[in-house]
Amino acid sequence: MNRIIPILLSLCFIISCKNVEKDVAVESDSSQNTMVADKADFAIVIHGGAGTILKKNMTAEKEAAYKAILEEAIRTGYEILNSGGSSLDAVTKTINIMEDSPLFNAGKGSVFTNAETNELDASIMDGKTLNAGASAGTTNVKNPIDLARAVMDNSPHVMMAGAGAERFAQEQGLELVDPSYFYTESRFKSLQRIKATEKVELDHDDKQAFYDPSIKDHKFGTVGCAALDKNGNLAAGTSTGGMTNKRWGRVGDAPIIGAGTYANNATCAVSSTGWGEYFIRAMVAHDISALMEYKGLSLAEAARTVIHDKVGGLGGDGGIVAVDKSGNMVFEFNTAGMYRASMNDQGELTIKIYRE
Ligand code: ASP
């Protein structure tokens with residue numbers, strides 16, 4: 001007995017040291033990704049995709065171009081929120097700016113499918129009512145986030161896909177374009193590069209071809225936004241071209257409510273970017289909200305748990321931006337970088353690209 005007590009005491013000491021180490025690590029890492037608010041009136045946070053985004057591969061001009069669009073986008077949303085507009089309007093208009101830029105994998109800059117087409121996905125959610133709208137696999141709708149919004153506002157459905165969704169967009173008077181509008185040389189070249197590697201390295205193993213991280217385009221580029229408005233209403237939205245070389249009508253996480261997008265006034269609003277198959281399986285956006293609702297975690301703790309332990313644990317990569325009902329904002333990702341920005345109710349702007 002006399003010998004057991006000291007052994008038990010030292011075991012307790014070792015366990016408590018481990019916990020301290022873990023807590024310190026979480027704190028120091030998340031402090032750079034968390035914008036803490038002391039009950040903010042409103043807040044807005046955006047992403048333009050996560051991935052292998054390294055400073056050494058970036059030119060000063062390219063970096064400036066990304067930052068300029070991120071700033072234009074977030075200021076658009078900020079102005080709407082500052083003048084008392086809704087988080088839903090802020091999310092929609094902010095995403096429109098990024099959809100119209102060729103720099104991001106959404107709208108104009110969407111990536112190519114294996115069949116050399118562009119199939120776009122989007123979703124939006126209202127945290128007040130838990131209403132939601134989504135569209136998948138459209139080829140001629142200029143701004144898919146507007147279609148997602150129309151599905152939510154003007155139809156009895158939550159999600160529409162393909163030709164039916166395009167018909168609905170037309171009936172709603174949304175701007176339609178010729179599919180060639182989505183052609184950009186750089187995205188087309190990315191597809192050709194991936195196809196060439198696929199042929200040499202993997203030959204005919206179709207499943208492997210899409211999933212092998214060494215050949216997939218490691219920059220995701222989806223765009224998303226989460227916002228809190230002056231009425232305490234949260235909203236989130238996400239828009240994407242999906243993943244380069246996708247086949248067979250593949251749909252990713254971006255239009256899946258609970259995976260790519262989720263908003264609930266009781267907890268938070270979240271938009272995801274990353275390897276969609278993993279984000280669907282981990283139900284990323286809803287899981288963050290659920291950890292807050294059922295386990296009482298903070299937004300930062302919940303985001304970290306889901307992105308690192310859950311998505312990372314499965315072997316997936318990507319990130320999220322999110323805002324909670326008090327206006328705390330979080331960027332969380334397990335990739336080298338994520339195009340991201342936030343603005344609080346004081347007008348303080350943060351724009352970041354790399355892990356810093
Ligand atoms: N999550 C998107 C998808 O899997 C890709 C991205 O984030 O760029 O379709």
Side-chain angles (χ1 to χ4, degrees), residues 35 37 40-49 63-110 120 122-128 133 135 141-150 152-153 174-175 177 181 221-241 254 260-261 263 269-273 320-323 327 329-331 338-353:
M35 285 63 64
D41 265 359
F42 64 93
I44 180 164
V45 62
I46 62 174
H47 68 78
E63 191 176 305
Y66 275 105
K67 285 187 168 169
I69 299 288
L70 287 171
E71 181 164 351
E72 184 189 344
I74 201 157
R75 284 198 185 280
T76 301
Y78 172 88
E79 290 306 332
I80 292 170
L81 296 170
N82 194 30
S83 54
S86 73
S87 51
L88 280 171
D89 284 347
V91 165
T92 309
K93 299 292 178 207
T94 298
I95 289 180
N96 283 161
I97 304 281
M98 293 187 281
E99 284 180 330
D100 291 345
S101 162
L103 292 179
F104 302 99
N105 170 22
K108 172 70 187 152
S110 290
L120 283 58
S123 65
I124 192 161
M125 185 160 184
D126 178 356
K128 181 182 176 192
S135 65
V141 179
K142 181 167 176 267
N143 293 102
I145 196 70
D146 294 350
L147 174 53
R149 180 83 188 262
M152 177 173 81
D153 289 347
L174 299 183
E175 188 171 351
V177 289
Y181 164 79
T222 286
V223 306
C225 178
L228 169 72
D229 65 28
K230 286 184 175 174
N231 291 319
N233 292 322
L234 288 163
T238 311
S239 181
T240 189
T261 298
V270 183
S271 171
S272 311
T273 171
I320 58 99
V321 295
V323 55
M329 293 180 281
V330 160
F331 307 127
M338 180 166 76
Y339 298 107
R340 60 200 190 277
S342 68
M343 273 185 99
N344 62 17
D345 58 354
Q346 304 302 305
E348 285 162 2
L349 171 69
T350 302
I351 302 185
K352 290 182 179 181
I353 296 179

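The first residue in the sequence is number 1, and the count goes up from there.
Taking every heavy atom of both residues into account, Ala40 and Gly327 meet most closely at CB-CA, 4.2 Å. Ala322 and Ala226 get closest at one heavy-atom pair: CA-CB, 4.3 Å. In plain terms, the two heavy atoms of Ile145 and Gly237 that are nearest each other are CD1-CA, 4.2 Å. Ala227 and Val323 get closest at one heavy-atom pair: N-CG1, 3.7 Å. Taking all atoms of both residues into account, the shortest heavy-atom contact from Ala90 to Gly77 is CB-O, 3.8 Å. Residues Thr350 and Phe331 approach most closely at CG2-CE1, 4.3 Å, considering heavy atoms.
Taking the side chain to side chain donor-acceptor pair (under 3.5 Å) definition, one finds that Thr222 meets it with Thr240, sequence neighbours left out. For Ser342, the side chain to side chain donor-acceptor pair (under 3.5 Å) test picks out no residue, with sequence neighbours left out. In this structure, the side chain to side chain donor-acceptor pair (under 3.5 Å) partners of Thr261, at least two apart in sequence or on a different chain, are Ser123, Thr238. Evaluation of the salt bridge (charged side-chain N to carboxylate O under 4.0 Å, His left out) rule for Lys230 yields no partner, not counting sequence neighbours. Listed by chain and number, the residues in a side-chain contact (heavy atoms from CB on, under 4.5 Å) with Asp89 are Ile80, Ser86, Arg149 (sequence neighbours excluded). In this structure Glu71 satisfies the salt bridge (charged side-chain N to carboxylate O under 4.0 Å, His left out) test together with Arg75, sequence neighbours excluded. For Glu348, the side chain to side chain donor-acceptor pair (under 3.5 Å) test picks out Asn344, with sequence neighbours left out. The side-chain contact (heavy atoms from CB on, under 4.5 Å) test applied to Glu72 returns Ile69, Ile97, not counting sequence neighbours. With sequence neighbours left out, the side-chain contact (heavy atoms from CB on, under 4.5 Å) criterion links Leu120 to Ser110, Asn118, Thr138, Pro144, Phe182.
Pairs of residues two or more places apart, or lying in two chains, never qualify as ring-ring contact (aromatic ring centres under 6.0 Å, His included) while including a residue from residues 80-99. Within the structure, salt bridge (charged side-chain N to carboxylate O under 4.0 Å, His left out) contacts touching residues 91-104 (residues at least two apart or in different chains) are Asp100-Lys142. Counting only residues at least two apart or on different chains, the ring-ring contact (aromatic ring centres under 6.0 Å, His included) pairs with a member in residues 80-104 are Tyr66-Phe104.
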Step-by-step side-chain contact (heavy atoms from CB on, under 4.5 Å) determination, Ile46 to Val321: CA-CA 6 Å; Ile46 62 174; Val321 295; 5.7 Å; no

Verdict with reasoning, Leu228 to Met329, per side-chain contact (heavy atoms from CB on, under 4.5 Å): CA-CA 10 Å; Leu228 169 72; Met329 293 180 281; over 6 Å; no

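Distance check, rounded to the nearest 0.5 Å: CG of Leu70 to NE2 of His47 gives 11.0 Å. Atom SG of Cys225 is separated from atom CD1 of Ile74 by 7.0 Å, given to the nearest 0.5 angstrom. A distance of 10.0 Å separates OH of Tyr78 from CG of Leu349, quoted to the nearest 0.5 Å. To the nearest 0.5 Å, the span separating CD1 on Ile44 from CG on Leu81 amounts to 5.0 Å. Put simply, CG on Leu103 and NZ on Lys67 are 14.0 Å apart, with the number rounded to the nearest 0.5 Å. For the atom pair CG (Leu88) and CG (Asp126), the distance works out to 4.5 Å, reported to the nearest 0.5 Å.
With a 4.5 Å cut-off on side-chain heavy atoms, Asn143 and Leu174 do not count as touching. By the 4.5 Å heavy-atom criterion applied to side chains, Val270 and Val330 are not counted as neighbours.
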